[in-house]
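Here's the structure, in structure tokens; my notes come after.
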Amino acid sequence: MWKSLSFKKQLVLILLIPIAGLIFFTITNISNTYQKFARIQNSTERIDNIAHFSEAITLINDERTLSEYSKFDASKEAELKLKMTETLEWFSKQNPTDSVVQKNINEAQKIVNTIHYETENKTSSTLKLFNDYIALNNLFNNLIEREITNCDNVTIAKLANNIKSYIDTKSAANLIRGIIFDKLTDDTIHSDLFGYYNNVKNINKNADFKLENYNFSKVNDEIIQFKKSAEFQSFLTTSESILNNTSKITPKEWWNQSTQINNELKVLKNEKLKYIIELAKQEKNKTINDTIIAILLLSLLLISTGIAVYKLITNTSNSLILIASKIQKIALGYTDFKHQLNGNIELDSIRESLKKLTDSIKEQINLATKISSGDFGNTIELRSESDTLNESLNKMSLDLKRFNDEAAENSLLEKHIIEVNKTIINSKDIKDFGANLSKILSNQTDGCQATFYITDYIDNKNNLIKIGSYADENN
């Protein structure tokens, strides 16, 4: 079956194998690139969700702080109400499709509604209010941890861990401010606050560890530097000494000091959060660009390969058809044509071979034409030791020339003999015969003169008797 196929079909089937492999590789690469894009798209959405939940934590912490401070300074109650309104507005805008997120946000909103109701009616204790806000923080922290875990892209997952470290650092500083403020305004809950303070210190240490070890592209350097600064270390030292009753400070002084620390951390957190979101977008755009470039390059390679294969098949097929046509013409006797073949070096070799073949046939035809017209004795060059045809044609030409020359000589001899015979018959006497024979011999040999002698057999055999002569006056 394979041998029954045309060369063109065989070539197509052979080239289909690498082309099919290239198509498979292209499709696979596009699929992998698309999956990579889908992963990074999912991861950037996770970053956006983390930033969104971080906003909720910031609103809750600010609200909790104002709630505590408004008990000390009634002028902050109006600001507290505005902050509570902002918190409610954030919840009102939420419409998540994720059932887990929806469940946790609903639970958080119930806690917020309870906090607001008890705050407005002044029915909540400081410790309960503190626990409710801690519960809210935990809910959103759990959602953030879930988003980090669900990041499919490694690079963006590292960035997400950095965001979580910023949130934990800011939350720890905010909780320390609240714990110490409660200690300064209500010392009856000292033992409970001390336990919270130890937990917050552990949160801060964990955040420090992550900031140091998840410092992707040195993005955490500014926050690390700030946390090592004398200002922040003084904040921690003062808080611990107040809690241990080794230092005295007014609530307002503590509020001012701690607010400055929290504000600086808030600025750094927001700056880094924007920077990380931008990095995630850049990673996404890079993936998109890489995807487009990969698809374009593979498509270009596939198209170029297809065009090259098509041209190869077409040129080879056309050249083979042309070769077959030329060979057929040669078989029919046509030799006067040019050999135009388009293709690689093999086809160039075929073209040269066809040219040599037709040139050789032309030489053979010319020699045969000369032989047929009676022009014998010509030869053509032998192409090799095995060139029997040219050797035979040369032998034929030379043999025919030899035969023709011999025939011409025999014909001339016969003519001369006839002329001699006629002279014998037509001569009157011996002298007339001698003169006529001398003339004939002179003409036949293209001589100037001829003299005919006979031996004197009667008197002396050594003597010659002249019986006739001829001289050609023109010569």
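Only this structure's heavy atoms are used, side chains among them; waters, hydrogens and symmetry mates stay out.
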Taking [X] for its side chain and [Y] for its backbone only, find out whether a donor-acceptor pair lies under 3.5 Å.
X: N42; Y: A38; value: no
X: S372; Y: T369; value: yes
X: S70; Y: L66; value: yes
X: N245; Y: S241; value: no
X: T169; Y: A207; value: no
X: S397; Y: G377; value: yes
X: N204; Y: V200; value: no
X: S392; Y: T388; value: yes
X: N394; Y: E381; value: no
X: N220; Y: L211; value: yes

Task: Residues F130, L175; criterion side chain to side chain contact (heavy atoms under 4.5 Å, CB included); working and verdict - done: CA-CA 9 Å; F130 193 87; L175 287 171; 4.0 Å; yes
Side chains of [X] and [Y]: do they bring a donor and an acceptor to under 3.5 Å?
X: N141; Y: N138; result: no
X: E231; Y: Q260; result: yes
X: N61; Y: N137; result: yes
X: E118; Y: T123; result: no
X: T65; Y: N174; result: yes
X: T246; Y: N244; result: no
X: Y197; Y: S239; result: yes
X: K269; Y: T58; result: yes

If I take atom [atom1] from residue [X] and atom [atom2] from residue [Y], how far apart are they, to the nearest 0.5 angstrom?
X: L393; Y: I371; atom1: CG; atom2: CD1; value: 6.0 Å
X: C151; Y: E45; atom1: SG; atom2: CD; value: 10.5 Å
X: L129; Y: T114; atom1: CG; atom2: OG1; value: 11.0 Å
X: I47; Y: S54; atom1: CD1; atom2: OG; value: 11.0 Å
X: I134; Y: I111; atom1: CD1; atom2: CD1; value: 11.5 Å
X: L80; Y: R64; atom1: CG; atom2: CZ; value: 12.0 Å

Step through the shown structure and confirm whether more than 12 heavy atoms of other residues, nucleotides or ligands are within 6.0 Å of [atom1] on [X].
X: K36; atom1: NZ; result: no
X: F72; atom1: CZ; result: yes
X: Q282; atom1: CD; result: yes

Work out which heavy atom in [X] is nearest to a heavy atom in [Y]; give both atom names and the distance.
X: S43; Y: N153; value: OG-N, 2.8 Å
X: L184; Y: I249; value: CD2-O, 3.5 Å
X: I242; Y: K183; value: O-NZ, 3.8 Å
X: D387; Y: N390; value: OD2-ND2, 2.9 Å
X: E68; Y: F181; value: O-CE2, 3.4 Å
X: I105; Y: P96; value: CD1-CG, 4.2 Å

Heavy atoms, side chains only, cut-off 4.5 Å: are [X] and [Y] in contact?
X: E63; Y: I115; answer: yes
X: S171; Y: I57; answer: yes
X: N104; Y: F140; answer: no
X: I163; Y: E147; answer: no
X: H52; Y: D48; answer: no
X: M396; Y: L400; answer: yes
X: E240; Y: K201; answer: yes
X: Q233; Y: L236; answer: yes

Is it true that [X] and [Y] make a salt bridge, defined as a side-chain N closer than 4.0 Å to a carboxylate O?
X: E107; Y: K110; value: no
X: E120; Y: K81; value: no
X: R46; Y: D152; value: no
X: D375; Y: K401; value: no

Open item on the list: Would you say the ring centers of W90 and F53 fall short of 6.0 Å from each other?
Closed with: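 Ring centres of F53 and W90 not closer than 6.0 Å.
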- [ ] Give the C-alpha distance, both sets of side-chain angles, the deciding distance and a yes or no for side chain to side chain contact (heavy atoms under 4.5 Å, CB included) between E264 and I223.
- [x] CA-CA 10 Å; E264 290 186 33; I223 292 181; over 6 Å; no
Open item on the list: One pair to check against side chain to side chain contact (heavy atoms under 4.5 Å, CB included): V219 and Y166. What are the steps and the verdict?
Closed with: CA-CA 11 Å; V219 72; Y166 308 153; 3.6 Å; yes
- [ ] Return the orientation label for the W254 and F235 ring planes: parallel under 30°, perpendicular over 60°, tilted otherwise.
- [x]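 Judged by the thresholds at 30° and 60°, the geometry between W254 and F235 is parallel.
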Task: Q109 and N113: CA distance, side-chain angles, deciding distance, side chain to side chain donor-acceptor pair (under 3.5 Å) verdict - done: CA-CA 6 Å; Q109 189 164 12; N113 291 337; 5.0 Å; no
Open item on the list: Here's a test for you: under salt bridge (Lys or Arg N to Asp or Glu O under 4.0 Å), which of K228, K272, K227 qualifies with E222?
Closed with: K272
Open item on the list: Under the criterion side chain to side chain contact (heavy atoms under 4.5 Å, CB included), I'd like the reasoning laid out for E271 against V267: C-alpha separation, chi angles, the key distance, then a yes or no.
Closed with: CA-CA 6 Å; E271 287 178 354; V267 170; 3.6 Å; yes
